[in-house]
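Reading through the structure tokens given below for one structure.
One-based numbering along the sequence shown.
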Amino acid sequence: DAGQKHFGPITCKSCGMIYTANSPEDAVQHTQYHRRFLEGIKYVGWKKEHVLAEYWDGKIIVILPDDPKYAIKKAEDVREIVDNELGFKQVALSCPSKSKIYMFVSTEKKVVGCLIAEQIKQAFKVLSEPVLDESINHEIQEHHRAWCCSTKPESAICGVSRVWVFSLYRRKGIASRMLDTVRNTFIYGSFLNKDEIAFSDPTPDGKLFATTYCGT
Ligand code: ACO
Ligand code: ZN
């Protein structure tokens, strides 16, 4: 450090929060977020964890509705972080007893990915790009995420209600590997096709990911 002051946004290398270095309010917010986030994604592990896949950079586990309390508690803590980031407020799972929570645990024992899958019967295709209203700023439209959906139901088996990867671990194939694992293990003994999976109300990121992953 040559003594120069840092202006503008910086990204915390541990929690990923972007904040302004010279703002005291930001510093307080960051300290709080930092602690809560790292505590939330800390993974201690337990004896009877269900490991579904192992990689050089981590493993994928699943937490099922009948798992012990401490496992469910971890899943809920992570879900809270995810919902917070996605802007979901107290959105209950449509059917907790049918939800499976997949988590990617890094070799540093942090939950860096989470995917919640529920059994469904039907889904509706997203139609091509929504008609752009020229009077509305495009950036705002993107964030409105009002995709137009077909009214014709199509059969589907697995609904992804949430998929999330810690910002500092994105674009490393973590979401893709979680989804491969879901397709491989969601229904015992069968491998789901990409068109048997549906994503609920995706964010712009989610839509880009799903489009690439599903090749649609
Ligand atoms: N922009 C463009 N393409 C993307 C993006 C993106 N933001 N994210 C993924 N892709 C495409 C790329 O082609 C990528 O391959 P490449 O990196 O070789 O180019 C491919 O999808 C596979 O991406 P992964 O690395 O497997 O995806 P990642 O682990 O980064 O996770 C996710 C993607 C989950 C969407 C992540 O960006 C995220 O957590 N975002 C914030 C939370 C969010 O919006 N989640 C989706 C909510 S919608 C829902 O839950 C149903
Ligand atoms: Zn931080």
Side-chain angles (χ1 to χ4, degrees), residues 10-18 33-68 70-86 99-118 157-199 202-216:
I10 47 174
T11 305
C12 174
K13 288 195 180 72
S14 323
C15 74
M17 181 171 162
I18 301 165
Y33 177 84
H34 187 97
R35 190 168 25 84
R36 222 177 291 155
F37 182 83
L38 291 177
E39 187 57 37
I41 67 165
K42 189 167 87 189
Y43 182 80
V44 180
W46 44 83
K47 265 199 201 125
K48 285 198 210 149
E49 59 183 25
H50 316 289
V51 180
L52 302 176
E54 285 185 279
Y55 306 96
W56 65 273
D57 56 345
K59 63 183 171 188
I60 295 175
I61 63 157
V62 66
I63 295 172
L64 303 170
D66 295 330
D67 276 346
Y70 45 83
I72 302 282
K73 171 81 170 63
K74 184 80 253 176
E76 273 169 7
D77 288 353
V78 173
R79 183 164 78 92
E80 208 177 294
I81 288 177
V82 173
D83 282 2
N84 211 354
E85 195 175 319
L86 290 176
S99 306
K100 299 182 180 181
I101 305 192
Y102 298 79
M103 300 201 295
F104 191 103
V105 180
S106 73
T107 45
E108 309 92 68
K109 293 195 170 295
K110 289 181 194 147
V111 179
V112 297
C114 176
L115 187 157
I116 304 184
E118 293 165 277
I157 293 171
C158 174
V160 174
S161 73
R162 290 159 183 78
V163 55
W164 168 89
V165 172
F166 176 15
S167 59
L168 302 175
Y169 287 74
R170 287 184 193 154
R171 307 300 290 267
K172 296 176 194 294
I174 290 181
S176 302
R177 285 181 277 169
M178 288 196 293
L179 213 49
D180 287 344
T181 304
V182 169
R183 290 170 58 205
N184 219 344
T185 61
F186 192 73
I187 305 279
Y188 184 78
S190 86
F191 189 74
L192 295 180
N193 279 324
K194 289 178 177 174
D195 65 6
E196 290 171 312
I197 299 202
F199 294 82
T203 58
D205 266 0
K207 190 166 175 265
L208 287 165
F209 164 71
T211 307
T212 309
Y213 182 86
C214 297
T216 53

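Checking side-chain atoms of K100 against main-chain N and O of F186 turns up a donor-acceptor pair under 3.5 Å. With hydrogens and angles ignored, the 3.5 Å screen pairs no side-chain donor or acceptor of R183 with any backbone N or O of F191.
Listed by first then second residue, pairs satisfying ring-ring contact (aromatic ring centres under 6.0 Å, His included) with a partner in residues 161-185 read F37-F166, F166-Y169, not counting sequence neighbours.
Partners of Y188 under the side chain to side chain contact (heavy atoms under 4.5 Å, CB included) rule, at least two apart in sequence or in another chain, do not exist in this structure. Legend: residues meeting salt bridge (charged side-chain N to carboxylate O under 4.0 Å, His left out) with E108, ordered by chain and number and at least two apart, are absent. Checked against side chain to side chain contact (heavy atoms under 4.5 Å, CB included), T107 has no partners two or more places apart in sequence or in another chain. For K194, the salt bridge (charged side-chain N to carboxylate O under 4.0 Å, His left out) criterion is met by no residue, not counting sequence neighbours.
Note: S176 OG to R171 CZ = 9.5 Å, rounded to the nearest 0.5 Å. Distance NZ/K110 to CE/M103: 15.0 Å, rounded to 0.5 Å. From I197, atom CD1 reaches atom CG of L179 across 4.5 Å, with rounding to the nearest 0.5 Å. For the atom pair CD of E196 and OG of S190, the computed distance is 7.0 Å after rounding to the nearest 0.5 Å. Here L115 contributes atom CG and I174 contributes atom CD1; the two are 12.5 Å apart, rounded to the nearest 0.5 Å. Rounding to the nearest 0.5 Å places CD1 of I116 at 6.5 Å from CG of D83.
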Residues C12, Y33; criterion side-chain contact (heavy atoms from CB on, under 4.5 Å); working and verdict = CA-CA 11 Å; C12 174; Y33 177 84; over 6 Å; no
### Task
Start with the C-alpha distance between R162 and R79, add both sets of side-chain angles, then the distance that settles side-chain contact (heavy atoms from CB on, under 4.5 Å), and finish with yes or no.
CA-CA 9 Å; R162 290 159 183 78; R79 183 164 78 92; 3.7 Å; yes
Could you walk me through whether V44 and Y70 pass side-chain contact (heavy atoms from CB on, under 4.5 Å), step by step? CA-CA 10 Å; V44 180; Y70 45 83; over 6 Å; no
### Message
Let's go through Y213 and D180 carefully: what are the C-alpha distance in whole Å and the side-chain angles of both, what is the deciding distance for side-chain contact (heavy atoms from CB on, under 4.5 Å) to 0.1 Å, and is it a yes or a no?
### Response
CA-CA 10 Å; Y213 182 86; D180 287 344; 2.4 Å; yes
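Between D67 and I72, the shortest heavy-atom contact is O-CG1, 3.6 Å. Across H50 and L64, no two heavy atoms sit closer than the pair NE2-CD1, 4.0 Å. For the residue pair G16 and T11, the shortest heavy atom distance occurs at O-CG2, 3.6 Å. Shortest non-hydrogen contact noted between C114 and I101 is SG-CG2, 4.0 Å. Of all the heavy atoms in A117 and V182, the pair that sits closest is CB-CG1, 4.4 Å. Shortest non-hydrogen contact noted between V163 and A175 is CG2-CB, 4.1 Å.
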Distance-only criterion, 3.5 Å: show the donor-acceptor pairs between side-chain atoms of residues 55-63 and protein atoms not counting sequence neighbours.
{"residue": "D57", "atom": "OD1", "partner": "R177", "partner atom": "NH1", "Å": "2.9"}
{"residue": "D57", "atom": "OD2", "partner": "R177", "partner atom": "NH2", "Å": "3.0"}
{"residue": "K59", "atom": "NZ", "partner": "E49", "partner atom": "OE2", "Å": "2.8"}

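We find that E39 and K42 are joined by a salt bridge, their nearest charged nitrogen and carboxylate oxygen being less than 4.0 Å apart.
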